[in-house]
Amino acid sequence: MSFPIHRLRRTRSSLPLRRLVAETRVTVDDLVYPLFVVPGSGVRREISTLPGCFHLSPDQVAEEGLACQDLGLPAVLLFGLPEHKDPLGSEGYSERGVVQQAVRALKQQAPDLLVITDVCLCEYTSHGHCGVVQGDKVLNDPTLELLSRMALSHAQAGADVVAPSDMMDGRVAALRLTLDEQGFDELPILSYAAKFASAFYGPFREAAGSAPAFGDRRSYQMDPANAREALREIALDLKEGADLVLVKPALAYLDIVRAARQEFPVPLGAYNVSGEYAMVKAAAARGWIDEERVAREMLLSIKRAGADFVITYFAKDAAGWFK
Ligand code: PBG
């Protein structure tokens, strides 16, 4: 019936035609670059599990931020590795913490760059969990107070957006309340609303020194089996006041990205996590895949699934690919 009248190959026959009919596009505007802040000055050390990404002291973060700004990237996302860890992660909410220093340095040197800060205790706690630990339990409600202090200290340092990634219940509401009380009622919250307990975070835990000392994160991060529950998580975070929401990881969870896109008319991001990046890097290093083509296809697919923006370790390279 349809063939030979209809031949879908006609619109694929040349590059300009393919450009004209492309349904999805990635641009530099869609990309957020994660940075890892360490103590000291003049430190710039490549992260073994994330080739091409670096541990940077606050002054070097400012340099890197300037480079990102020059590449046209809209935003960076900051993680911190403290000088000392303790059970309550106190450097995470110290005015002198590495992230707080880096935010201040960035605001001076790269004023046009949006600075998003990760709000979570796991990099700062001696046990490596994202909350207050009692025995073998990670306590929810006592953690909220610490997360609120952390978000507030980031805001006071000059952060533009705070991004809670801990997966405690009620943390968006707790952050919103604290920020509003302290005069930061215009500061947006980007919530890692649907964050799964994923093995794809492996290289990050090496990079952030945040592997849990006992157990795992399955009592607070989501079960990869659950899609409906992800939508409940997002709905609750939006009710609590989240301005933007994230799905994480991205690639094995594109069904969640699509479902979230269809269900919620809000800014939606996806986190192209460390394991997704490391797999590409490792295979490319062996000559098994073409790094640029694979990475471009991944980013395009994340957008096609419905993400408005992507947090990715490829951001700096991709800024060149997708100018
Ligand atoms: C902190 C946090 C993690 C990631 C982002 N924020 C690790 C984890 O939850 O174990 C992972 C990012 C990545 O793998 O790129 N809670």
Side-chain angles (χ1 to χ4, degrees), residues 31-37 47-55 76-82 85 89 91-93 98-99 116-125 127-133 138 140 143-144 146-147 150-151 154 161-169 171-172 175 189-224 233 245-253 269-282 295 298-299 302 309-316:
L31 307 173
V32 179
Y33 189 52
L35 294 173
F36 296 89
V37 195
I47 300 169
S48 61
T49 52
L50 293 174
C53 299
F54 295 82
H55 282 137
V76 292
L77 170 64
L78 300 187
F79 296 95
L81 286 79
K85 301 187 187 228
E91 272 189 46
Y93 35 91
V98 284
V99 164
I116 310 173
T117 55
D118 187 83
V119 175
C120 188
L121 292 169
C122 65
E123 298 115 71
Y124 303 92
T125 51
H127 44 70
H129 277 290
C130 304
V132 175
V133 163
V138 177
N140 194 88
T143 302
L144 301 180
L146 303 185
L147 294 169
M150 192 167 176
H154 292 172
V161 177
V162 291
S165 69
D166 51 282
M167 288 303 278
M168 298 301 126
D169 287 322
R171 92 278 205 201
V172 173
L175 261 57
I189 296 177
L190 161 61
S191 158
Y192 290 67
K195 176 173 175 179
F196 291 85
S198 172
F200 285 100
Y201 307 149
F204 173 92
R205 291 185 185 170
E206 192 68 32
S210 65
F214 66 89
D216 53 45
R217 303 209 202 289
R218 281 183 285 189
S219 77
Y220 42 106
Q221 297 180 351
M222 284 190 58
D223 184 341
E233 280 285 3
V245 293
L246 264 188
V247 172
K248 176 182 174 193
L251 292 174
Y253 298 84
Y271 199 138
N272 178 215
V273 299
S274 57
E276 298 169 353
Y277 175 82
M279 289 193 302
V280 176
K281 284 286 183 185
M298 285 178 165
L299 295 172
I302 295 168
F309 61 96
V310 185
I311 301 173
T312 178
Y313 303 98
F314 288 114
K316 281 178 74 187

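Because the structure is a prediction, the values reported are computed rather than measured. Counting convention: from 1, in listed order, for ligands and their atoms alike.
Shortest contact from atom 16 (N) of ligand 1 to any protein heavy atom: K195 NZ, 2.9 Å. Ranking the protein heavy atoms by distance from atom 14 (O) of ligand 1 puts S274 OG, 2.7 Å first.
Near Y313, meaning under 4.0 Å from one of its heavy atoms, ligand 1 places the atoms 12 (C), 13 (C), 15 (O). Distances below 4.0 Å separate heavy atoms of F79 from the following atoms of ligand 1: 5 (C), 6 (N). Below 4.0 Å from some heavy atom of C122 lie the following atoms of ligand 1, by number and element: 1 (C), 16 (N). Residue-ligand proximity, Y271 to ligand 1, at heavy-atom distances under 4.0 Å covers atoms 12 (C), 15 (O). Close approach of ligand 1 to K248 is summarised as follows: ligand atoms under 4.0 Å from at least one heavy atom of the residue are 2 (C), 3 (C), 4 (C), 5 (C), 6 (N), 11 (C), 12 (C). Taking every non-hydrogen atom of D118 and a distance limit under 4.0 Å, the qualifying atoms of ligand 1 come out as 6 (N). Using a 4.0 Å cut-off to heavy atoms of R205, the atoms of ligand 1 that qualify are 8 (C), 10 (O). Close approach of ligand 1 to R217 (heavy-atom distance below 4.0 Å) involves ligand atoms 8 (C), 9 (O), 10 (O).
Ligand 1 has no atom lying under 4.0 Å from any heavy atom of E276. Residue contacts with ligand 1 do not include Y277, since none of its heavy atoms lies under 4.0 Å from the ligand. The closest approach between S210 and ligand 1 stays at or above 4.0 Å for every heavy atom of the residue.
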Name the atoms and distances for all side-chain donor-acceptor pairs under 3.5 Å in residues 204-213, with sequence neighbours left out.
none

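Every residue two or more places apart in sequence or in another chain that forms a side-chain hydrogen bond (donor to acceptor under 3.5 Å, both in side chains) with S165 is listed here: D118.
Interatomic distance, CZ of F79 versus OH of Y124, reported as 9.5 Å (0.5 Å rounding). Distance CD1/I47 to NE2/H55: 4.0 Å, rounded to 0.5 Å.
Y201 carries K195 over the face of its six-membered ring, with the cationic atom under 6.0 Å from the centre and within 45° of the normal.
The number of heavy atoms from other shown groups lying within 6.0 Å of OH (Y93) is above 12.
When atom types are taken as modelled, the side chain of E276 and the backbone of P249 share no donor-acceptor pair closer than 3.5 angstrom. Judged purely by atom type and a 3.5 angstrom limit, T117 has no side-chain atom pairing as donor or acceptor with the backbone of V162.
Between V138 and C130 the shortest side-chain heavy-atom distance does not fall below 4.5 Å. Side-chain contact between Y271 and L77 is present, with at least one heavy-atom pair separated by less than 4.5 Å.
Considering both main-chain and side-chain atoms, E123 never comes within under 3.5 Å of ligand 1 through any nitrogen or oxygen pair.
Counting heavy atoms closer than 4.0 Å to ligand 1, residue C120 contributes side-chain atoms (C-beta onward) but none from N, CA, C or O.
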